[in-house]
Amino acid sequence: MTDDPRRATGPAPGPAADDDQGALGTVAKLAAEKFAPRAAEYDRAAVFPTEDFDDLFACGFLGVTVPREYGGLGYGPCRRDTLPLWEMTTTLAKADLSLARCWEGHANSLVLIDALASPEQKRRWFTGVVEHGEKWVAWSGEPQAPKPGESRRFGTALTPVEGGWILSGSKAFATGATGAQWAILLVDPDGPGGARAAPEVRGRLLLLACDLSDPSVTVDASWWDPVGMRATVSHVVRFHDTFIPRDRQIGAPGGYFDGQWQTAFVPHYAASFLGGALAAYEYGLTYLKRQGKGGDPYVQQRVGSMAVNVDTARLWLRHVAGLWDEGRLDEARVAGDRAWQVVARLAEETVHHVIDACGARCLIRPSPVERVLRDLTLYKLHDNSDHVLATVGRAVLGEEYDPFFHRL
Ligand SMILES: Cc1cc2nc3c(=O)[nH]c(=O)nc-3n(C[C@H](O)[C@H](O)[C@H](O)COP(=O)(O)OP(=O)(O)OC[C@H]3O[C@@H](n4cnc5c(N)ncnc54)[C@H](O)[C@@H]3O)c2cc1C
């Protein structure tokens, strides 16, 4: 395997198209029959969607981005078979956006392991996923500017010791905190801030695999009481002098930035936004037909806009996935930012079309529109849409731009 598997001359061929359709069909059935009915309760209780992940494991989907030679499905940008992954994510997000965020975190973590880990690490960790149903997450979140009323700062400190490091401090936005067994921690060895801290972190950022069953790792669930994405359980996680052995380092310092891996994940988030839009759209159509409002010209216009929006979002994702799979990486990265921006906007607009066309009762539970509205509102703040758009503009203008976290 070369440093960048996407450039490898002979990546394992992806599953045949028939297999892809079969897998997608199974996921769609699970999503419709099991995951969507569970979503409201997971949201209300703000708990990790454990049963959903159990079902995904039982049906052989947890290794979605694990290479086929390690027993996985081999989907994703690393293996040049990107669209089936994103379509699965959209399908899951249609049932439950929080589930999709946890799923993305897991799938993206496995992409990083595939791209950067040693053969021995891959053997060990991919076996844990495929055979034992272990779930992974990737955590950077160390926002540095405290908000009003926030007294403690988030952040980690890393001390080199014999055979590894001691990690202390905290991370916020730790998606899947109470559900995952392993976390890839994005740590700046020079101090707090994680991967988003400052451009200087690029050459030194470490990816460290942390066993979350270590008793020195604790979850503070009091912090996470958000408007939406509640079942992502993106809690604060604290590290109390946690020992990380040296053989848990994934890749070389700075490997995350050298491989520009964040750019592969940005359009994956957009695949989730599309799922949220589809959930609202389909519910809205059923609602409007049930009420016999199809003859109203304003309703017709809104439905036309919704239909064009979801089609446009699909086409964008298909386009970007194609660029990744053709190895046109520079184009894929810029197009991924454009797709994120346009899909986020179209998804939000679609939900508002549904609300305006259907009326107030569509925002009363158990309508899924109510939850999708809350989830999308929070989820699209994962990245700053102004900065993403400015990144696209800088690229067009030939100005220097940050393809990772859009923060120049
Ligand atoms: C549902 C959800 C799940 C998440 N899951 C994960 C996860 O699993 N792993 C993970 O690593 N992260 C995760 N994140 C966190 C995400 O990556 C960001 O770190 C987080 O959203 C930052 O929080 P904030 O927007 O409050 O912080 P801030 O960093 O304060 O950003 C707020 C806004 O201010 C801007 N800003 C920041 N600094 C400055 C400045 N100096 N001057 C001007 N503007 C500035 C930012 O661009 C942003 O628009 C998740 C976020 C969400 C919403």
Side-chain angles (χ1 to χ4, degrees), residues 42-43 46 48-49 89 93 96-112 135-150 153-156 169-180 182-188 192-201 205-208 210 212 219 223-237 256-257 261-263 265-266 268-270 272-273 275-276 337 340-341 344 371-391 402 404-408:
Y42 286 145
D43 169 65
F48 183 80
T89 300
D96 182 346
L97 269 158
S98 284
L99 164 66
R101 170 81 274 275
C102 298
W103 158 266
E104 275 165 29
H106 170 75
N108 295 342
S109 299
L110 301 178
V111 167
L112 286 176
K135 295 171 281 291
W136 283 75
V137 285
W139 296 338
S140 169
E142 302 183 18
Q144 288 300 289
K147 71 176 191 185
E150 221 164 47
R153 276 178 187 260
F154 306 110
T156 52
S170 62
K171 283 185 176 287
F173 291 101
T175 285
T178 52
W182 289 92
I184 298 178
L185 304 178
L186 285 70
V187 180
D188 179 355
R196 290 180 187 251
E200 302 81 68
V201 73
L205 187 86
L206 296 177
L207 303 188
L208 302 175
C210 179
L212 297 176
V219 175
W223 181 75
W224 184 248
D225 188 13
V227 61
M229 301 300 279
R230 296 171 57 79
T232 62
V233 293
S234 300
H235 298 304
V236 171
V237 172
Y256 186 70
F257 286 103
W261 284 106
Q262 185 64 18
T263 62
F265 306 145
V266 167
H268 198 186
Y269 307 142
S272 285
F273 301 160
D337 278 347
W340 184 96
Q341 167 65 32
R371 179 165 35 83
V372 170
L373 177 68
R374 288 187 287 107
D375 285 346
L376 269 182
T377 301
L378 186 72
Y379 194 6
K380 65 187 265 301
L381 298 175
H382 192 287
D383 292 274
N384 178 321
S385 64
D386 294 332
H387 292 185
V388 176
L389 200 54
T391 300
D402 171 7
F404 314 106
F405 293 111
H406 322 292
R407 67 191 155 191
L408 274 178

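Side chains are part of it too, since the values below use all heavy atoms of this structure and drop only hydrogens, waters and symmetry mates. Counting convention: from 1, in listed order, for ligands and their atoms alike.
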Gap between atom [atom2] of [Y] and atom [atom1] of [X] - 0.5 Å precision:
X      : Y      : atom1 : atom2 : answer
Phe273 : Leu97  : CZ    : CG    : 8.5 Å
Ile184 : Ser140 : CD1   : OG    : 12.0 Å
Leu99  : Thr89  : CG    : OG1   : 9.5 Å
Lys171 : Thr156 : NZ    : OG1   : 4.5 Å
Gln262 : Asp402 : CD    : CG    : 9.5 Å

Show the atoms of ligand 1 that are less than 4.0 angstrom away from any heavy atom in [X].
X      : answer
Trp139 : 8 (O), 9 (N), 11 (O)
Thr175 : 3 (C), 4 (C), 5 (N), 6 (C), 7 (C), 8 (O)
Ala138 : 7 (C), 8 (O), 9 (N), 10 (C), 11 (O)
Ser140 : 10 (C), 11 (O)
Ser234 : 3 (C)

Tell me the protein heavy atom at minimum distance from [atom], and give that distance in Å.
atom                    : value
atom 44 (N) of ligand 1 : His387 CE1, 4.6 Å
atom 53 (C) of ligand 1 : Leu378 O, 3.7 Å
atom 50 (C) of ligand 1 : His382 CD2, 3.3 Å
atom 35 (C) of ligand 1 : Asn384 ND2, 4.2 Å
atom 17 (O) of ligand 1 : Arg196 NH2, 3.0 Å
atom 25 (O) of ligand 1 : Leu381 O, 4.3 Å
atom 13 (C) of ligand 1 : Phe173 O, 3.5 Å
atom 29 (O) of ligand 1 : Pro143 CB, 4.1 Å

If the plane angle is over 60° it's perpendicular, under 30° parallel, otherwise tilted; pick one for Trp136 and Trp182. parallel

Look at the rings of Tyr269 and His382 and say which category their plane angle falls in: under 30° parallel, 30 to 60° tilted, over 60° perpendicular. tilted

I want to know if ligand 1 touches [X] in the polar sense, i.e. an N/O pair below 3.5 angstrom.
X      : answer
Gly141 : yes
Arg101 : yes
Trp224 : no
Ala145 : no
Tyr379 : no

For [atom], is some protein heavy-atom partner under 4.0 Å away?
atom                    : answer
atom 31 (O) of ligand 1 : no
atom 42 (N) of ligand 1 : no
atom 5 (N) of ligand 1  : yes
atom 8 (O) of ligand 1  : yes
atom 23 (O) of ligand 1 : yes
atom 39 (C) of ligand 1 : no

Would you please say whether a donor-acceptor pair under 3.5 Å links the side chains of Thr232 and Ser98? no

Do [X] and [Y] come within less than 4.5 Å of each other through their side chains, counting heavy atoms only?
X      : Y      : value
Phe173 : Trp224 : yes
Phe257 : Phe405 : yes
His235 : Phe48  : no

Test your reading of the model: is there a side-chain donor-acceptor pair from [X] to the backbone of [Y], 3.5 Å cut-off?
X      : Y      : result
Arg230 : Asp43  : yes
Gln144 : Phe154 : yes
Ser109 : Val137 : yes

Do NZ/NE/NH1/NH2 and the carboxylate oxygens of Arg101 and Asp375 come within less than 4.0 Å?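 The answer is no: the pair does not qualify as a salt bridge.
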
Option with minimal heavy-atom separation from atom 1 (C) of ligand 1, where the choices are Met229, Lys147, Glu104: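 Result: the heavy atom closest to atom 1 (C) of ligand 1 is in Met229.
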
